[in-house]
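Residue numbers start at 1 and run along the sequence shown.
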Amino acid sequence: MKRQQQMTLMSSWMKKKKGDSTDEVELLQNREGEIGKSSSSTTLQRTDEVKLLKDREGETGRSSSELQVRQGTGASKEVQVGRQDAEPNHANPKLIAVQQLTNKTLRFQEKWYREFPWLHYSSGVNGILCFFCAQAFGHEKSNLAKNADPTFVKTGFRNWKKATQKFAEHVQSNAHKVAVTTHCQKTKPVDVQLSSAKAAQQQESRRCLLKIAGSVQLLARQGAALRGHEAEEGNLNQLLKVRCEDDPGLEKWLSTRKHDYTSPKIQNEILNLFANSIIREIISSIHMLPLLQYSIIIDGTQDIEGTEQEAICVRYVDHDLVPHEVFLGFYEVSCTTGENLAKVATDVLLRLNLPLSGLRGQTYDGAANMSGNRKGAQARIREMQPLALFVHCGAHCANLVTQAACTASSLTSDALDWVHKLGCLYKMSGKYKTKFVNIAAAASGTVSNLQPLCQTRWTTRTPTIWSVLRQYESVLLSLEDMAQTDASNTGVTARGLLERFGKGTTVLGLMMATEVIQELECLNCTLQKRTETVSGMISAADCVRTTLRAKRTEEKFQEIYSHATEMITKLNIEPITMPHIRRPPKRFIGNVTTALTPTTPEEHYRADFFKVLDTVDIQLKERFDQGSLKTLTKLEEALLTGDVDTAVVDQYPELNERSLKVQLNMFKLQYSYTTTSEAATILRKQLPEVRGLFNQIEALVRLLMVVPTASAEAERSFSALRRLKTWLRSTMLQIRINNVAVCHIHKEMLDKVSKENICQEFIMANDYRKHVFGSYM
C-alpha cells in the first residue's frame with residue numbers, strides 16, 4: 001500500500017513539473033487523505049477548521065473560549081493575509097462595507113463568523129477573504145493557485161446578497177480543501193508527521209490525562225480529600241484504581257507515569273487550573289455587563305488551625321436584572337486591623353481586574369475593624385471610592401436586636417439559659433438522652449431532640465424552645481428520674497434543672513421569648529437571601545416593627561398569661577408567683593407613702609413583656625437607620641415618584657439628571673409600579689428596542705439592586721471551609737484550600753468547565769509535556 005502511494009506521489013510530481021494543474025489537485029487531495037481528512041462532508045470540514053483555528057489561538061497563548069468577534073486592520077495590500085497570521089480577523093461588522101441595492105442596504109452578518117470561521121476581513125481590499133486560501137495561494141503562481149477563486153484570495157468578497165451561497169460553494173471547492181490541508185500540515189510538529197506511532201502514543205497519553213483531570217474534578221466537587229496518610233491510600237489513587245478495572249490502557253499508562261502526573265504538585269496545579277477557570281468566568285460575566293457595577297462582601301473566621309481566613313465575595317446584577325452573590329476565595333491575613341483588611345480587599349480587586357471605579361457597595365458585620373467610621377475597613381475603602389456605600393449586614397442587625405430583646409428581661413433571659421443547659425445535658429449525657437427518648441416516645445410516639453442554644457445566632461432558637469414546650473412533661477419526668485438514680489455531677493445538674501423547670505415562671509418566660517423571637521427569625525431568614533435589596537430590607541424591618549408594636553397590648557399579654565397558666569395547671573408545677581420586690585428607700589420616692597408597685601404576678605410580668613417589646617422597637621429603628629441607606633432611599637424615591645435629587649444623582653457618573661427625568665416621565669406614564677423589584681420586572685420583560693429607551697432607569701435600578709443587604713454569602717463559605725479543612729486535613733496549604741473551596745462551592749460552574757481546555761492549558765506549561773501529550777486541538 002505504501003509502495004502504491006509512493007508511486008502515485010511520484011507520478012503526480014512528474015505531472016506537476018509539466019504544468020498539469022488537474023493532477024496537482026489530485027496530488028494535494030492524496031496528501032489530504034494521508035492525514036485522515038474527509039473532503040466529502042461540509043460539516044466535518046467546518047469542524048476541522050474550527051479546531052484548527054482554536055489550535056492556532058492556543059499557540060499564541062489565548063484560550064479557545066476567546067474565539068469571538070475581533071477587530072483588526074488586516075495585513076499587506078498585496079496578499080491581504082500574512083503567512084504568520086495566528087487567526088482570521090473577525091472584525092466588527094459595522095466596519096465592513098455595505099452593499100447598496102435599489103430598495104435596500106445589505107450588511108455583513110456577525111453570525112457568518114460562527115458558521116464559516118475561515119472568514120477574514122482585510123482592510124486593504126475592504127472585503128472578506130478566505131484565511132486559508134489567502135495564506136496558501138497569496139504568493140504562489142502555480143496552476144493550482146490560478147484555479148483558486150481570486151475573490152477569496154486577493155480581491156475580496158462584498159456581495160452580501162449571495163453571501164451564504166458563495167461561502168458554502170467555496171467550502172466545497174478543491175482549492176479550499178487543499179489550502180486547509182496544507183495549513184494543517186504546516187502546524188503539526190515534525191515528529192508527529194514522521195512518526196504515526198508517536199502520534200498514537202500522544203493520543204493515549206492525552207486520554208489518560210483526561211481521566212486524571214476528571215478524577216481530580218470529581219473529588220474537588222464533592223469536597224473529598226485527594227491525598228491520604230500514605231500516598232497509595234489517597235482517594236485519587238484509589239479512584240484511579242477503580243477506573244483502571246475497566247480501562248487496561250489507563251492501568252498500563254499509569255504503571256510508567258503515575259508518579260509524574262498524580263503527585264501532590266500536579267494535583268495542586270490541576271486544581272489551580274480548575275479554580276482559575278471558574279474565577280475567570282465570574283469576572284468575565286461582570287465585565288460583560290452594560291455597566292460595570294459591583295459590591296464586595298467580606299467576613300472573617302478562623303480555620304481548624306486558628307489561622308484567620310477572610311472570605312471575599314462580590315455581588316453584581318446580570319443582564320436580566322437578577323442579583324448574584326458569588327464567592328471569590330479565602331485569603332489569609334496577618335492582622336485584622338481595618339487598614340490591613342482594606343489593603344487585602346483592594347489588592348484582590350486589583351488582581352482580578354475589578355476597578356474601584358465600579359465599586360458601589362460594601363457589606364460587613366458590625367465589628368469595629370470593619371464598620372468603624374474612622375479606621376474601619378469600610379472607611380478606608382470609602383476614602384478611595386466615596387460611592388462604595390457601607391451597609392451593616394441586615395442579618396447581623398436582626399440578631400443583635402433579638403439579643404437585646406431577650407436580655408432586656410431577667411424572666412426571658414433566665415428561661416433561655418435553662419433551656420441551653422438542658423440541651424447541653426442532653427448532648428453530653430448518653431444516659432439522660434436515653435431516658436428522655438424512652439419517656440417521650442412512650443408519651444407521644446414522636447421525639448424531638450433537645451439542642452443547646454447557639455450563643456451567637458439568637459434568631460435560630462425558636463425550634464429549640466418549641467421542642468421543650470411541646471415535650472415539657474417528658475422533660476420533667478426524665479429530669480426527675482435522672483436526679484433520683486444518678487449520684488454523679490450529671491445527677492446534680494439534673495436536680496438543679498428540675499427545680500428550675502418546675503417553676504411556672506420558666507414556662508411564662510419561654511412563651512414571652514417565643515412571641516418576640518419568631519418574628520425576628522423570619523426577618524433574619526428573609527435578609528439572608530441573595531436576591532434581597534436594600535429597599536426590601538428596610539420594608540421588611542418596618543413590617544416586623546409594626547407587627548411587634550401591635551402585640552404591645554394588655555389583651556395580647558392576657559392571652560399569653562392564660563396559655564401559660566393552663567399549661568402550668570396541666571403539668572401540676574409551681575404556679576407563677578411574684579418575685580420579692582425590695583421597697584425603695586425613702587430618699588428615692590420622697591414623701592409618697594406607698595410605692596407604685598404591682599400587686600399581682602400578671603401586672604408584674606406584663607411590665608416585663610412591654611419592656612421587651614419596647615427594646616425591640618428601639619433597636620429596629622436604630623439598627624436599620626443607617627447613614628448610607630439614606631442615599632439609596634433618595635435614589636429609590638426618584639425611581640418611584642419621579643422627583644430627582646440633583647445632589648445625589650450627580651455623584652454617580654452613570655446617571656444623567658436630564659435624561660433620567662425624561663425617561664422617568666415616560667416610564668411612569670406607561671407602567672405602574674411601587675417597588676424597585678417591580679420596576680426591574682417591567683424592564684426585564686420589555687423588548688430590547690423598548691428597553692433601550694430607558695437606559696438611565698435601568699442604570700438606576702441596577703444601582704439600587706447591586707448593594708448587598710447581608711454578608712450571608714461569606715458565612716456560607718465558612719461552612720464549606722469547615723467541611724474541607726478538618727483535623728485530618730489541617731496541613732493543607734493556603735493555595736490548595738482556596739482552590740478546593742472555589743471548586744467545591746461553585747459546583748455547577750465546575751461541571752461546565754471543559755476538561756479538554758484544562759488539560760490543554762496544563763500541557764502548554766512546558767515543552768516536555770508538549771512532547772509527551774501533543775495537543776488536544
Tell me which donor-acceptor pairs under 3.5 Å the side chains of residues 319-336 have, and how far apart each pair is, sequence neighbours excluded?
unit_1	atom_1	unit_2	atom_2	d
His319	NE2	Met288	O	3.3
His324	NE2	Asp318	OD2	2.7
Glu325	OE2	Arg315	NH1	2.7

Using atom types as modelled, flag every donor-acceptor pair under 3.5 Å from a side chain in residues 716-726 to any protein atom, sequence neighbours excluded.
unit_1	atom_1	unit_2	atom_2	d
Arg716	NH1	Glu713	OE1	2.9
Arg716	NH2	Gln528	O	2.6
Ser717	OG	Ala714	O	2.4
Arg723	NE	His744	NE2	3.4
Arg723	NH2	His744	NE2	3.2
Lys725	NZ	Asp303	OD2	3.0
Lys725	NZ	Glu305	OE1	3.0
Thr726	OG1	Leu728	N	3.4

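In this structure a side-chain-to-backbone donor-acceptor pair under 3.5 Å is present from Gln760 to Tyr776. Between the side chain of Asn739 and the backbone N or O of Ile735, at least one donor-acceptor pair lies under 3.5 Å. In this structure, Gln309 contributes its side chain and Thr301 its backbone to no donor-acceptor pair below 3.5 Å. Of the possible donor and acceptor atoms, none in the side chain of Thr709 sits under 3.5 Å from a partner among the backbone N and O of Gly394. Within the 3.5 Å criterion, the main-chain N or O of Cys130 finds no donor-acceptor partner in the side chain of His120.
Applying the side-chain contact (heavy atoms from CB on, under 4.5 Å) criterion to Ala179, with sequence neighbours excluded, gives Phe132, Cys133, Ala136, Phe137. A search for side chain to side chain donor-acceptor pair (under 3.5 Å) contacts involving Arg206 returns nothing, not counting sequence neighbours. For Tyr294, there are no side chain to side chain donor-acceptor pair (under 3.5 Å) partners two or more places apart in sequence or in a different chain. Taking Ser205 as the reference, Trp253, Val772, Phe773 meet the side-chain contact (heavy atoms from CB on, under 4.5 Å) condition, with sequence neighbours excluded. For the side-chain contact (heavy atoms from CB on, under 4.5 Å) test, residues two or more places apart in sequence or in another chain that qualify with Gln302 are Glu308. Partners of Ser277 according to the side-chain contact (heavy atoms from CB on, under 4.5 Å) rule, which considers only residues two or more places apart in sequence or in another chain, are Arg280, Val753, Ile758. By the side chain to side chain donor-acceptor pair (under 3.5 Å) test, Ser754 is found to be paired with Glu756, residues two or more places apart in sequence or in another chain being considered. Applying the side chain to side chain donor-acceptor pair (under 3.5 Å) rule to Gln201 yields no partners; only residues at least two apart in sequence or on another chain are considered. With sequence neighbours excluded, the residues satisfying ring-ring contact (aromatic ring centres under 6.0 Å, His included) with Tyr364 are Phe390.
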Trace of the side-chain hydrogen bond (donor to acceptor under 3.5 Å, both in side chains) decision for Glu715 with His396: CA-CA 11 Å; Glu715 297 201 13; His396 281 84; 3.1 Å; yes
Worked check of side-chain hydrogen bond (donor to acceptor under 3.5 Å, both in side chains) between Lys198 and His771: CA-CA 9 Å; Lys198 181 65 176 178; His771 175 75; 3.2 Å; yes
Residues Met764, Lys770; criterion side chain to side chain contact (heavy atoms under 4.5 Å, CB included); working and verdict: CA-CA 6 Å; Met764 298 302 292; Lys770 296 178 186 177; 3.7 Å; yes
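In this structure, Lys343 pairs ionically with Glu339, as a charged nitrogen and a carboxylate oxygen lie closer than 4.0 Å. Between Glu269 and Arg769 there is a salt bridge, since a side-chain N of the basic residue sits under 4.0 Å from a carboxylate O of the acidic one. Using a 4.0 Å cut-off between a side-chain N of Lys or Arg and a carboxylate O of Asp or Glu, Glu115 and Lys111 do not qualify as a salt bridge.
Listed by first then second residue, pairs satisfying side chain to side chain donor-acceptor pair (under 3.5 Å) with a partner in residues 208-228 read Ser215-Arg243, Arg221-Asp751, not counting sequence neighbours.
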